[in-house]
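Let me begin by presenting the structure, written as structure tokens, before commenting on it.
Throughout, numbering of the chain's residues begins at 1 and tracks the sequence.
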Amino acid sequence: MGQWDRFLAPYKQAVDELKIKFKGMRRQYETDNTNSPIEFVTGRVKPIASIYDKSLEKGIPFEPSDELAKELPDIAGIRMMCQFVGDIETVVSLLRKRNDLRIVEEKDYISREKQSGYRSYHVIVEYPVQTINGEQLILVEIQIRTLAMNFWASIEHSLNYKYKGVFPEEIQHRLQRAAKAAFQLDEEMSQIRDEIQEAQAYFTEFKESPGTHFPRDQEGGRTQR
């Protein structure tokens with residue numbers, strides 16, 4: 001195993017463990033027949049190429065080290081998606097109450113969005129990973145955002161790679177307008193939150209009813225009209 005594999009192994013373990021734990025939180029809400037503030041959870045370990053780019057940006061040696069681990073707190077990343085803006089505060093509150101991790105830093109890009117229009121809530125946590133050589137504390141960045149915020153951020157991330165962080169003025173303005181539109185959508189959906197959740201609960205109950213079946217035609221599997 002190479003030095004980078006050894007260095008990144010506990011980060012991968014931290015991501016795998018936290019994904020299981022956070023998905024478990026969602027299932028607990030479902031078990032209690034309560035609307036979960038967590039829609040879904042994803043995670044990743046930053047690719048070595050991205051670590052290299054970040055090390056150059058920060059002016060630190062590109063090599064596995066304690067300095068690199070400290071200066072790059074997002075090598076391990078978890079993303080928690082919510083349906084509504086109000087759910088983000090609930091998720092952050094749940095993280096603050098956990099005793100299996102320690103919050104190191106919080107960055108609120110929801111109420112104070114970046115100039116680009118980016119919105120998300122970032123929490124840097126210290127998470128203990130148990131290895132054969134003992135316990136190792138790993139920094140993990142947890143991003144909490146709505147589905148609309150995530151859609152915008154994913155598009156912006158792709159364009160950022162294409163333009164190397166220097167967007168044409170027209171693209172930049174369009175992204176800013178799109179960010180405002182995405183947040184307006186979040187706000188509109190929050191206004192009818194109760195109706196949305198009631199409809200979702202009804203649909204879930206209906207499709208899981210023992211006698212429920214959806215008619216299909218004999219050829220393509222679609223309902224004939």
Side-chain angles (χ1 to χ4, degrees), residues 1 4-48 50-51 54 64 66 68-110 118-151 153-154 157 186 190 193 196-197 200-201 204 208:
M1 179 181 287
W4 279 107
D5 288 330
R6 284 192 293 270
F7 178 74
L8 294 176
Y11 286 95
K12 294 176 181 177
Q13 183 175 332
V15 168
D16 289 342
E17 291 181 8
L18 287 172
K19 281 170 60 179
I20 290 172
K21 290 181 176 183
F22 294 156
K23 289 177 181 179
M25 290 167 59
R26 188 181 193 283
R27 285 192 293 271
Q28 289 172 33
Y29 278 96
E30 292 174 349
T31 301
D32 291 342
N33 292 320
T34 305
N35 292 312
S36 172
I38 303 169
E39 185 68 7
F40 62 90
V41 179
T42 62
R44 62 97 184 100
V45 173
K46 188 182 287 292
I48 293 179
S50 296
I51 295 176
K54 275 285 189 178
D66 291 341
L68 186 75
K70 180 180 178 181
E71 293 296 325
L72 272 62
D74 63 342
I75 293 177
I78 295 288
R79 192 167 294 160
M80 304 174 76
M81 248 64 72
C82 306
Q83 285 198 68
F84 305 101
V85 177
D87 291 334
I88 296 174
E89 184 177 349
T90 301
V91 173
V92 174
S93 179
L94 289 170
L95 293 178
R96 290 174 183 151
K97 295 175 183 177
R98 296 187 70 93
N99 58 17
D100 58 346
L101 53 82
R102 183 178 73 88
I103 293 180
V104 176
E105 185 179 6
E106 297 183 30
K107 295 180 181 178
D108 181 4
Y109 298 120
I110 304 294
Y118 176 87
R119 291 180 190 265
S120 185
Y121 200 100
H122 293 191
V123 180
I124 306 296
V125 304
E126 196 175 61
Y127 179 74
V129 170
Q130 307 302 322
T131 76
I132 58 174
N133 297 313
E135 181 176 278
Q136 184 172 344
L137 295 176
I138 298 296
L139 291 177
V140 182
E141 181 185 70
I142 303 173
Q143 298 178 351
I144 309 153
R145 58 178 66 149
T146 65
L147 299 170
M149 292 173 193
N150 188 63
F151 171 71
S154 297
H157 183 72
D186 276 332
S190 293
R193 174 178 181 147
I196 293 172
Q197 291 182 331
Q200 289 172 337
T204 299
E208 292 179 354

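Between Phe7 and Tyr11, the angle of the ring planes lies from 30° to 60°, which puts this pair in the tilted group.
No side-chain heavy atom of Tyr121 sits less than 4.5 Å from a side-chain heavy atom of Val91. Using a 4.5 Å cut-off on side-chain heavy atoms (C-beta onward), Leu18 and Val140 make contact. Counting only heavy atoms from C-beta outward, the side chains of Met81 and Arg145 approach each other to under 4.5 Å. In this structure the side chain of Val104 reaches within 4.5 angstrom of the side chain of Arg102, judged on heavy atoms. With contacts defined as side-chain heavy-atom distances shorter than 4.5 Å, the pair Leu8/Ile51 qualifies.
Of all heavy-atom pairs spanning Ile20 and Arg27, the tightest one is O-NH2, 4.1 Å. Leu139 approaches Ala76 most closely through the heavy-atom pair O-CB, 3.9 Å. The shortest non-hydrogen separation linking Pro73 to Lys70 is CD-O, 4.1 Å. Across all their heavy atoms, Ala14 and Val129 have their closest contact at CB-CG2, 3.8 Å. Taking each heavy atom of Tyr109 and His122 in turn, the nearest pair found is CE1-ND1, 3.7 Å.
Side-chain atoms of Arg98 and Tyr127 include no donor-acceptor pair closer than 3.5 Å.
Remark: Asp87 engages Arg193 in a salt bridge, criterion side-chain N to carboxylate O under 4.0 Å. Ionic pairing of Glu106 and Arg96 is present here: one or more N-O contacts between side-chain nitrogen and carboxylate oxygen are shorter than 4.0 angstrom.
In this structure, OG on Ser36 lies 8.0 Å from CE on Met25, to the nearest 0.5 angstrom. Interatomic distance, CZ of Phe84 versus CD of Glu39, reported as 9.0 Å (0.5 Å rounding). In this structure, NZ in Lys21 is found 12.0 Å from CG in Asp16, a value given to the nearest 0.5 Å. Expressed to the nearest 0.5 Å, how far NZ of Lys46 lies from CG of Asp74 amounts to 4.0 Å. Between the CG atom of Asn150 and the OG1 atom of Thr42 there is a distance of 7.0 Å, given to the nearest 0.5 Å. Between Asp186 atom CG and Leu147 atom CG the span is 8.0 Å, to the nearest 0.5 Å.
Residue Asp66 qualifies as open at atom CG: its count of foreign heavy atoms under 6.0 Å is 12 or below.
Checking side-chain atoms of Ser93 against main-chain N and O of Glu89 turns up no donor-acceptor pair under 3.5 Å. Checked by atom type and distance alone, the side chain of Arg119 never pairs as donor or acceptor with a backbone atom of Met149 at under 3.5 Å. Checking side-chain atoms of Gln13 against main-chain N and O of Gln130 turns up a donor-acceptor pair under 3.5 Å. Distance alone, capped at 3.5 Å, is enough to place a donor-acceptor pair between the Arg44 side chain and the Ile75 backbone.
Screening Ile88, Ile78, Thr90, Ile38 for a side-chain contact (heavy atoms from CB on, under 4.5 Å) with Ile144, the sole residue that qualifies is Ile88.
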